[in-house]
2 protein chains.
Amino acid sequence: MSAPPDLDSVDHDLLGLLQRNSRRTLAQLGEEVGLSAAATKRRVDRLERLGVITGYTVRIDHEKLGWTLEAFTELSVMGHSRMAEIEAAARDLPEVLRIFTTAGDPDALVHLRVRDMAHLRHAVDQLRSSGQVTGTKTLMVLSVWEPPERPTRPAP
Amino acid sequence: MSAPPDLDSVDHDLLGLLQRNSRRTLAQLGEEVGLSAAATKRRVDRLERLGVITGYTVRIDHEKLGWTLEAFTELSVMGHSRMAEIEAAARDLPEVLRIFTTAGDPDALVHLRVRDMAHLRHAVDQLRSSGQVTGTKTLMVLSVWEPPERPTRPAP
DNA sequence: AGTGAAACCAGAAGCCC
DNA sequence: GGGCTTCTGGTTTCACT
């Protein structure tokens, strides 16, 4: 495990700005943090090189696509299962957004997005059909709140 | 609630490509889906106009920034609390990634990212100090698995 | 709905200070 | 860190299928 690279407040501001809108131009970015476009490019290039910025992506409104339901399924698995095996139990479902293996009880938390209740039922059935899984408990998501994106913060 | 806009498979492919890397040029995008750059731009513009694409952002490796620990805290709250009040109980913590209110037990799931165990302890204390919260159970995340980004899928 | 071409110019890339 | 030049690539408009 390597020590975190030392980033100053300008770097953190840039990350916050890019997180809100990665299509700002270098000139715009520079203006907001008080740097020239060239200097800003050097900062951003460095953040990419350090692996702090791992990619550029697009935010998609999945509700608009008809995938309107989210859920979390808590998985309990056989005592001898290794983490990789737990992940394998859920990895192949297209409904899976993320799999979190966890310490304690339950053993994993599977974040799902589905079209409707029938679809959720089907996805949970798939999870339960894995040989590793000994039990599930599903929480249906009623609402999601996300914080406004702010500058990232240093780890002192 | 409005009906999902009708997108064809090219639109879904474009969304998948942009999700993997939103910095592709229109010419590159077009080549991969078999369209000209001009036609590709019309597609992307439409997806933005429809609100399917809600923004462009950057992926950040928070571990590299020293925020190495993730957790989920299940919240139980007073019986009379409304969803908005539940969210309010967690909204002000900078450690909060997302708040999911859920149907059943628990009442909400709070996704946290913290620097270390002492920091987690502090964050959970903050959650517990809300007048609404009657109990918490915290799951520490051991690993996170995310699927490779693929084309989005239609909702038939 | 799509194509290809041409013209324009913003902005990224690269180099020098 | 700034400033300058170069040239890619986004954007618009055209006639056309």
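Per chain, numbering begins at 1; letters A, B, ... match sequence-line order. Computed from a predicted structure; not experimentally measured.
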CZ (A/Arg24) with more than 12 external heavy atoms under 6.0 Å: yes
Nearest-angstrom distance from the residue atom CG of B/Leu18 to P of D/dG10: 12 Å
Between A/Ala37 and B/Thr25, which has a closest nucleotide on DNA chain D that is more 5'? A/Ala37
Rounded off to whole Å, could you give me the CD-to-P distance for the A/Gln28 and C/dG11 pair? 7 Å
Can you confirm whether more than 12 heavy atoms, excluding those of B/Arg121, are under 6.0 Å from its CZ atom? no
Can you tell me, in whole Å, how much space there is between the C1' of D/dC16 and that of C/dC8? 22 Å
Nearest-Å distance, CG (A/Asp45) to P (D/dG1)? 13 Å
Let me know the distance between CG of B/Leu29 and C1' of D/dG10, rounded to the nearest Å. 12 Å
Between the base of D/dG2 and the side chain of A/Arg42, is there a donor and acceptor pair under 3.5 angstrom? yes
A/Leu35 CG to D/dG3 P, in whole Å, measures 11 Å
Is A/Lys41 close enough to C/dA13 that one of its side-chain N or O atoms is under 4.0 Å from OP1 or OP2 there? yes
Need one value for A/Arg43: base, sugar-phosphate or nothing, where a base atom within 4.0 Å counts as base even if backbone is also close, heavy atoms only. sugar-phosphate
With the side chain defined as heavy atoms from C-beta on, B/Ser36 is closest, among C/dA12, D/dG10, C/dG4, to C/dG4
Check the distance between C/dG2's P and B/Leu26's CG and give it to me in whole angstrom. 14 Å
Spacing between B/Arg23 atom CZ and D/dT8 atom P, to the nearest angstrom: 18 Å
Among side-chain atoms of B/Ser76 and B/Thr134, is any donor-acceptor pair under 3.5 angstrom? no
Between B/Arg46 (CZ) and C/dG2 (C1'), how many Å, whole number? 14 Å
Using side chain to side chain contact (heavy atoms under 4.5 Å, CB included), reason through A/Leu7 and A/Leu47 one step at a time and then give a plain yes or no. CA-CA 9 Å; A/Leu7 308 183; A/Leu47 291 170; 4.0 Å; yes
Determine the contact category for A/Ala38: base if any of its heavy atoms lies under 4.0 Å from a base atom, sugar-phosphate if only primed atoms, P, OP1 or OP2 are that close, otherwise nothing. base
Have a look at A/Glu95 and tell me which of A/His119, A/Arg115, A/Arg113, A/His111 forms a side chain to side chain donor-acceptor pair (under 3.5 Å) with it. A/His119
